[in-house]
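Just so you know, residue 1 is the first one in the sequence shown, and it goes up from there.
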Amino acid sequence: MTAQDCAALIVAAGRGERFGGDVPKQYRHLAGRPILRHTVEAFLGHEAVGRVCVVIDPAHRALCDAALAGLPVGAPVDGGSDRQESVRLGLETLAAEPPARVLIQDGVRPLTDAATIARVCAALDRGPAAIAAIPVADTLKRAADGVSLGTVDRTGLWRAQTPQGFDFQAILTAHRGAGATATDDAAVAERAGLPVQLVPGHVDNLKVTTEEDLRRAERLLAAGQADIRVGNGYDVHRFGAGNHVMLCGVAVPHSHGLQGHSDADVGLHALTDAVLGALGDGDIGRHFPPGDPRWRDADSGRFLRHAADLVAVRNGRIGHVDVTLICERPRIGSHRAAMVARVAELLGPAGDAATVSVKATTTEGLGFIGRGEGIAAQATATIRLPSTPTTAPISDSR
């Protein structure tokens, strides 16, 4: 069974009314990126998954497009009036080119780990349905009006998670014939007579339902991205003919231009080197050789976006970037806000204005900068990369 035989169906059509706020919870930011993007990336990056399909509320199309920008997923599928209908509509879309298997995932489970996905996939070698789950560890009480009516025997009780994996044709048939609304797809499968295996899930594979869930996910993600890297970059360009200089992606009017093989943006060049340095992935010249004619007069924003994409490919995130422009002229202050906004845009989902600092200084008339011969920039970038998980999956060891 190859990855092309397995599709992931990410269900994100809910309106998040219990969560509250102006933005549905799947589009709220977790560590600088939308929750839905975290979820989708977990499956896009898994070797067992060949394609990913996302089901959304059609009213949220613009939010979805922004959240998943740049990811190799097709157009989202319009969901229905409830989760069960949304899943069926997603399955019907996949049926145009049916996979052998499908993994159905809550869009607001952003911390699903690769090992859990692999366990569900492996279980499908033994049967038509398998779900991630963890055994109930707490004592359970049945209550009314806040008063305990007794203790519930927890023996054999498990908490279901996602992903939930199925033989594609079997779960499609089950959904087509489903009656009353079920709370998950395993219940739909059970009603259709499919045996459902339970495989160990993970205690961190939480579903974001409340603000506290989001705060917990932030803490868990920060703990899992404990490999903090810092990189530095420096660049300098001399003045030449022209009527403006490019600085941090903004055209600043000036009596001269800057000489360079690309657009000579010293700020973005220094920052690109800083990000690449934090990754330990060479420098800007290695990725974009100055002798290559493709980069003549190129927009330096392409260089920074490339470096940010390399961070994203490694499931990292950019914690903060700081650029210092060193020049006597032109004056930078009135352009600073535009520079911050442009750098944040270039960093994409990995960064926002709160993670970007741009400032300027002079050399008090000293050196080549003081003589007005050119501009220099130095930059620092701090990134977080995933470290090896220290927590273990849950198994039924009682």
> Out of Asp125, Asp5, Asp167, which one pairs with Arg101 under the salt bridge (charged side-chain N to carboxylate O under 4.0 Å, His left out) rule?
Replying inline: Asp125
Any donor and acceptor pair, going by atom type alone, linking the side chain of [X] with main-chain N or O of [Y] inside 3.5 Å?
X      : Y      : value
Gln164 : Ile104 : no
Gln161 : Ile131 : no
Asp113 : Thr116 : yes
His261 : Asp292 : yes
Glu218 : Ala31  : yes
Thr382 : Val230 : no
Arg238 : Gly374 : no
Arg229 : Arg384 : no
Asn205 : Gly201 : no
Thr272 : Ile284 : no

>> How close do Val136 and Arg154 get, counting heavy atoms only, and between which atoms?
In response: O-CD, 3.6 Å
> At their closest point, which heavy atom of Val266 faces which heavy atom of Ala377, and how far apart are they?
Replying inline: O-CB, 3.5 Å
Determine, using the 4.5 Å side-chain heavy-atom cutoff (strictly less than), whether [X] and [Y] are members of one ILVMFWY cluster.
X      : Y      : result
Phe43  : Leu9   : no
Val55  : Val40  : no
Tyr234 : Val275 : no
Val52  : Val11  : no
Val49  : Val120 : yes

pair [X]-[Y]: side-chain heavy atoms closer than 4.5 Å:
X      : Y      : result
Ile383 : Ile228 : no
Ser262 : Arg296 : no
Leu157 : Pro135 : no
Asp265 : His237 : no
Thr362 : Ile369 : no
Phe166 : Leu172 : no
Leu214 : Arg28  : yes
Val54  : Val77  : no

Not counting sequence neighbours, which residues clear side-chain hydrogen bond (donor to acceptor under 3.5 Å, both in side chains) with [X]? List them please.
X      : answer
Arg159 : none
Glu190 : none
Thr139 : none
Thr93  : none

Pairs flagged by salt bridge (Lys or Arg N to Asp or Glu O under 4.0 Å) wherever [range] is involved - sequence neighbours left out:
range            : value
residues 297-310 : Asp299-Arg342
residues 52-64   : Arg15-Asp57, Arg61-Asp65
residues 267-291 : Asp281-Arg286
residues 85-99   : Arg88-Glu92, Glu92-Arg176

Distance-only polar pair, side chains of [X] and [Y], donor-acceptor under 3.5 Å:
X      : Y      : result
His269 : Ser300 : yes
Gln105 : Thr112 : yes
Gln378 : Asn232 : no
Thr380 : Asp322 : no
Gln84  : Thr181 : no
Ser148 : Lys141 : no
Asp185 : His175 : yes

> Could you walk me through whether Arg51 and Leu94 pass the side chain to side chain contact (heavy atoms under 4.5 Å, CB included) check?
Replying inline: CA-CA 10 Å; Arg51 54 179 158 144; Leu94 288 174; 3.6 Å; yes
> Roughly how far, to the nearest 0.5 Å, is the CD1 atom of Ile134 from the CG atom of Leu198?
Replying inline: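 So the CG of Leu198 and the CD1 of Ile134 are separated by 11.5 Å.
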> What's the spacing between Asp213 CG and Lys207 NZ if we round to 0.5 Å?
Replying inline: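 Asp213 CG to Lys207 NZ: 10.0 Å, rounded to 0.5 Å.
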> Passes side chain to side chain contact (heavy atoms under 4.5 Å, CB included), Ile171 versus Thr173? Steps please.
Replying inline: CA-CA 5 Å; Ile171 195 63; Thr173 300; over 6 Å; no
> Which side chain to side chain donor-acceptor pair (under 3.5 Å) pairs, counting each pair once, include a residue from residues 68-80, with sequence neighbours left out?
Replying inline: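 Counting only pairs at least two positions apart or across chains, no side chain to side chain donor-acceptor pair (under 3.5 Å) contact touches residues 68-80.
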> What pairs with His38 under ring pair (Phe, Tyr, Trp, His ring centres under 6.0 Å), at least two apart in sequence or on another chain?
Replying inline: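 Per chain and number, His38 pairs via ring pair (Phe, Tyr, Trp, His ring centres under 6.0 Å) with no residue.
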>> Under the rule for ring pair (Phe, Tyr, Trp, His ring centres under 6.0 Å), what residues qualify as partners of His287, not counting sequence neighbours?
In response: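 With sequence neighbours excluded, His287 shows a ring pair (Phe, Tyr, Trp, His ring centres under 6.0 Å) to His306, given in chain and number order.
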> Can you check salt bridge (Lys or Arg N to Asp or Glu O under 4.0 Å) on Arg216 and Glu212, steps first, answer last?
Replying inline: CA-CA 6 Å; Arg216 182 184 167 211; Glu212 177 53 35; over 6 Å; no
>> Go through it in stages, so that I can follow the logic: the residues are Val87 and Val188, the test is side chain to side chain contact (heavy atoms under 4.5 Å, CB included), and I'd like the CA-CA distance, side-chain angles, deciding distance and then a yes or no.
In response: CA-CA 11 Å; Val87 171; Val188 173; over 6 Å; no
>> Please verify the inter-ring angle class for Trp295 with Phe303; under 30° counts as parallel, over 60° as perpendicular, anything in between as tilted.
In response: perpendicular
>> What verdict does the side chain to side chain contact (heavy atoms under 4.5 Å, CB included) test give for Leu140 and Thr151, after you've listed the backbone C-alpha separation in whole Å, the side-chain angles of each residue and the deciding distance to 0.1 Å?
In response: CA-CA 6 Å; Leu140 299 178; Thr151 300; 5.9 Å; no
Under 3.5 Å, which donor-acceptor pairs do the side chains of residues 242-257 form with other protein atoms, sequence neighbours left out?
none

> For Arg191, does the CZ atom have more than 12 heavy-atom neighbours from other residues, nucleotides or ligands under 6.0 Å away?
Replying inline: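 Yes, enclosed.
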